[in-house]
Amino acid sequence: MKRFLSGIVCGLGGVSPGLSGSVMLVIAGYYDKTIEAIGTFLKKPKENLKFLLPLFMGIVLGVLLFGQIVSVVLEKYEMITRLTFLGFILGTLPLFYNKVKKKDFKNQYYIIMLLAFLIGMMVMFSNAKFDQPQTLTFMQSIIMGLILSASTIIPGIDSSVLLSSLGLYEIYIESIATINFTILIPAVLGAGVGVLAFSSIINHLIKKHYTLTYSIIFGLFLSLVPSVINESVVIELNLNTLVSFIFLILGTLISYKLSMYSFEDE
């Protein structure tokens, strides 16, 4: 039940601009084990399936539940919502930083973090935009699924930003809200293939090059902060600003506590 509930929260991250499913996995304390379980799935299928099934069922339900809700809340209470999400990210930074420094950390890895941060910023704020298609072909739906899988596996990859750049974000949200199986089924297939591929690669890199891999991931993770605060966050002396900062503090405290005392089963 804990993994199922955590999966629902991760699904929220998957449809929230500025966040990603992988960030929520970190907050819930399941990131390392999820990557390992998927990356070694064929070696221990029964054990890994037992761990992954409730988590992924929760993620799917979370995406379906929050797909339309996030769109409405962002439209009506954008500043409050974005600062809450920012709090989720800030509260996780101590845990992530400790993970980076866990094994054989050297000062040159700060350069790796900086480069990864800059690359993440370039992706997030790229001005390259593609025209929005009226509908998606089978292959476009699969590509959308691959993008979603990357955001689930790699913290710092914001699927909503990438989908928006490709002109696919509105169709993605609409297909969830209307349960359009013509788009969703191939997208799920693409996501499944992508999750297996990306997790195997990340799991291998963590095993072989732990500090380098986590330095890159941490840099990408930091690049989420500016993407969450965008031009909608205007600091003024009013009630909305006060409430927004209260939710920022609450989000930070909640994610910090969850990252220190994860949901992971004993």
Side-chain angles (χ1 to χ4, degrees), residues 6 8-31 62-63 66-67 69-100 113-114 116-126 150-152 154-165 169 173 214 216-263:
S6 297
I8 293 176
V9 176
C10 294
L12 167 63
V15 295
S16 303
L19 282 178
S20 66
S22 53
V23 171
M24 305 309 285
L25 280 173
V26 171
I27 293 172
Y30 283 116
Y31 183 73
V63 169
F66 293 113
I69 295 174
V70 167
S71 178
V72 173
V73 172
L74 274 171
E75 182 179 350
K76 292 186 176 181
Y77 309 103
E78 184 168 10
M79 183 174 176
I80 295 174
T81 304
R82 286 189 177 276
L83 287 185
T84 302
F85 291 156
L86 176 61
F88 290 158
I89 293 173
L90 296 179
T92 314
L93 289 179
L95 171 69
F96 233 135
Y97 185 65
N98 288 335
K99 280 183 175 291
V100 177
M113 292 182 201
L114 176 61
F117 171 77
L118 293 175
I119 291 172
M121 289 282 289
M122 289 173 60
V123 173
M124 294 299 172
F125 294 99
S126 172
S151 73
T152 302
I154 308 172
I157 301 297
D158 181 4
S159 60
S160 62
V161 172
L162 293 178
L163 290 175
S164 295
S165 297
Y169 184 71
I173 294 297
Y214 264 104
I216 294 172
I217 290 175
F218 187 70
L220 292 173
F221 187 69
L222 288 176
S223 71
L224 284 173
V225 174
S227 71
V228 174
I229 307 174
N230 65 10
E231 63 277 359
S232 67
V233 179
V234 179
I235 307 301
E236 298 176 348
L237 294 178
N238 55 36
L239 181 60
N240 184 60
T241 299
L242 176 62
V243 173
S244 298
F245 275 92
I246 290 174
F247 274 84
L248 169 66
I249 294 170
L250 288 175
T252 303
L253 292 175
I254 290 171
S255 67
Y256 178 77
K257 289 295 184 181
L258 290 180
S259 65
M260 293 296 104
Y261 307 101
S262 74
F263 289 144

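Heavy-atom neighbours of Phe117 CZ from other residues, nucleotides or ligands within 6.0 Å: above the threshold of 12.
The side chain to side chain contact (heavy atoms under 4.5 Å, CB included) search around Thr252 returns Leu90, Leu248, not counting sequence neighbours. For Ile246, the side chain to side chain contact (heavy atoms under 4.5 Å, CB included) criterion is met by Leu242, Leu250, not counting sequence neighbours.
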Quick one, Met79 with Asn240, criterion side-chain contact (heavy atoms from CB on, under 4.5 Å). Give me CA distance, side-chain angles, the key distance, then yes/no. CA-CA 8 Å; Met79 183 174 176; Asn240 184 60; 3.6 Å; yes

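Atoms CD1 and CG, from Ile119 and Leu114 in turn, are 10.0 Å apart once rounded to the nearest 0.5 Å. Atom CG in Leu93 sits 5.5 Å away from atom CZ in Phe221 (nearest 0.5 Å). Rounding to the nearest 0.5 angstrom, the gap separating the OH atom in Tyr214 from the CG atom in Asn98 is 12.0 Å.
Between Leu83 and Ser244, the closest heavy-atom pair is CD1-CB, 3.4 Å. Heavy atoms only, all atoms of each residue included: Tyr97 and Phe218 are closest at N-CE1, 3.8 Å. Residues Thr84 and Ile80 share a closest heavy-atom pair of OG1-O, 2.8 Å.
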